[in-house]
Amino acid sequence: MQGFANFMWLLSLALIFFSGFALIDAAVRREDAYRAADKKTKPFWLIILGIAFIVNLLFPIMSFLPIIGLVATIVYMVDVRPAIRQISGGGGRRGGSSSDGPYGPYNGGR
């Protein structure tokens, strides 16, 4: 039983860090990028992710509310974040498009 309790504690801790990362990521993105990507507004996502973070802190992992918070966090990370990063040009540390090679854009040998 102790092993299961330790696993659930680690899972809860991972969920807290995941929702905290999503909240911080949403806070540092530009407001106009949300509107340009047509993904609600920045205050909307900050409120949703903030509630998810607080719920993950207060409630045990096996209750219903942290699961709803996890779904909201996953939606942000899988749908909203990539669209905002594409709009704002934050695709990576070095920038560029996905077709860039080490010496510039790859144009198929043309």
Side-chain angles (χ1 to χ4, degrees):
M1 234 18 210
Q2 185 65 27
F4 181 72
N6 288 339
F7 174 73
M8 293 307 286
W9 181 80
L10 287 174
L11 189 62
S12 178
L13 191 62
L15 191 57
I16 290 168
F17 281 124
F18 184 55
S19 62
F21 174 78
L23 178 62
I24 291 169
D25 185 73
V28 299
R29 301 291 174 187
R30 295 186 349 225
E31 167 67 33
D32 59 338
Y34 287 87
R35 285 181 273 128
D38 198 27
K39 300 291 181 187
K40 297 287 185 191
T41 62
K42 183 175 182 174
F44 172 82
W45 282 108
L46 288 176
I47 290 169
I48 295 296
L49 294 171
I51 290 171
F53 180 72
I54 291 171
V55 163
N56 288 329
L57 283 174
L58 297 179
F59 291 97
I61 189 79
M62 293 300 287
S63 65
F64 188 64
L65 291 176
I67 295 172
I68 294 173
L70 176 63
V71 169
T73 305
I74 289 172
V75 166
Y76 175 80
M77 293 297 287
V78 172
D79 183 38
V80 178
R81 185 174 185 249
I84 292 171
R85 288 180 72 188
Q86 185 177 14
I87 294 292
S88 62
R93 292 187 181 189
R94 64 181 175 89
S97 74
S98 62
S99 65
D100 282 356
Y103 306 109
Y106 177 73
N107 60 7
R110 291 182 239 156

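Throughout, residue positions are numbered sequentially from 1 according to the sequence presented. What's counted below: heavy atoms across the whole structure, side chains too, no hydrogens, waters or symmetry copies. These numbers were taken from a predicted model, which means no experiment stands behind them.
In this structure, CD1 in I16 is found 9.0 Å from CG in L58, a value given to the nearest 0.5 Å. Residue R35 holds its CZ atom at 9.0 Å from OG1 of T41, rounded to the nearest 0.5 Å. A distance of 8.5 Å separates CG of L70 from CG of L11, quoted to the nearest 0.5 Å.
Cluster membership check: F17 does not share its hydrophobic cluster with L57, using side-chain heavy-atom separations under 4.5 Å among Ile, Leu, Val, Met, Phe, Trp and Tyr. Residues I47 and L65 share a single hydrophobic cluster, defined by chaining ILVMFWY side chains whose heavy atoms lie under 4.5 Å apart. Residues F21 and V55 fall into different hydrophobic clusters, defined by Ile, Leu, Val, Met, Phe, Trp and Tyr side chains chained together at heavy-atom separations under 4.5 Å. F44 and V28 fall into different hydrophobic clusters, where Ile, Leu, Val, Met, Phe, Trp and Tyr are joined by side-chain heavy atoms under 4.5 Å apart, directly or via other members. Follow the hydrophobic side-chain contacts under 4.5 Å out from I48 and you reach V75 in the same cluster.
The nearest pair of heavy atoms linking A52 to T73 is CB-OG1, 4.0 Å. Here the shortest heavy-atom pairing between M77 and F18 reads CG-CZ, 3.7 Å. Counting all heavy atoms, side chain and backbone alike, P66 lies closest to P60 at CG-O, 3.3 Å. The shortest heavy-atom contact between P82 and V78 is CG-O, 3.3 Å. Of all heavy-atom pairs between L23 and L46, the closest is CD1-O, 3.7 Å.
Looking at K42, its side chain never comes within 3.5 Å of a backbone N or O of R30 through a donor-acceptor pair. Y34 contributes no side-chain N or O that, together with a main-chain N or O of R29, makes up a donor-acceptor pair within less than 3.5 Å. Of the possible polar contacts, one joining the S19 side chain to the L15 backbone as a donor-acceptor pair under 3.5 Å is found.
For N6, the CG atom is densely surrounded, since the number of other residues' heavy atoms within 6.0 Å is greater than 12. Other residues, nucleotides and ligands contribute at most 12 non-hydrogen atoms within 6.0 Å of the CZ atom of F7.
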Should L49 and F53 be marked as a side chain to side chain contact (heavy atoms under 4.5 Å, CB included) after you check the CA-CA gap, both sets of side-chain angles, and the distance that decides it?
-> CA-CA 6 Å; L49 294 171; F53 180 72; over 6 Å; no

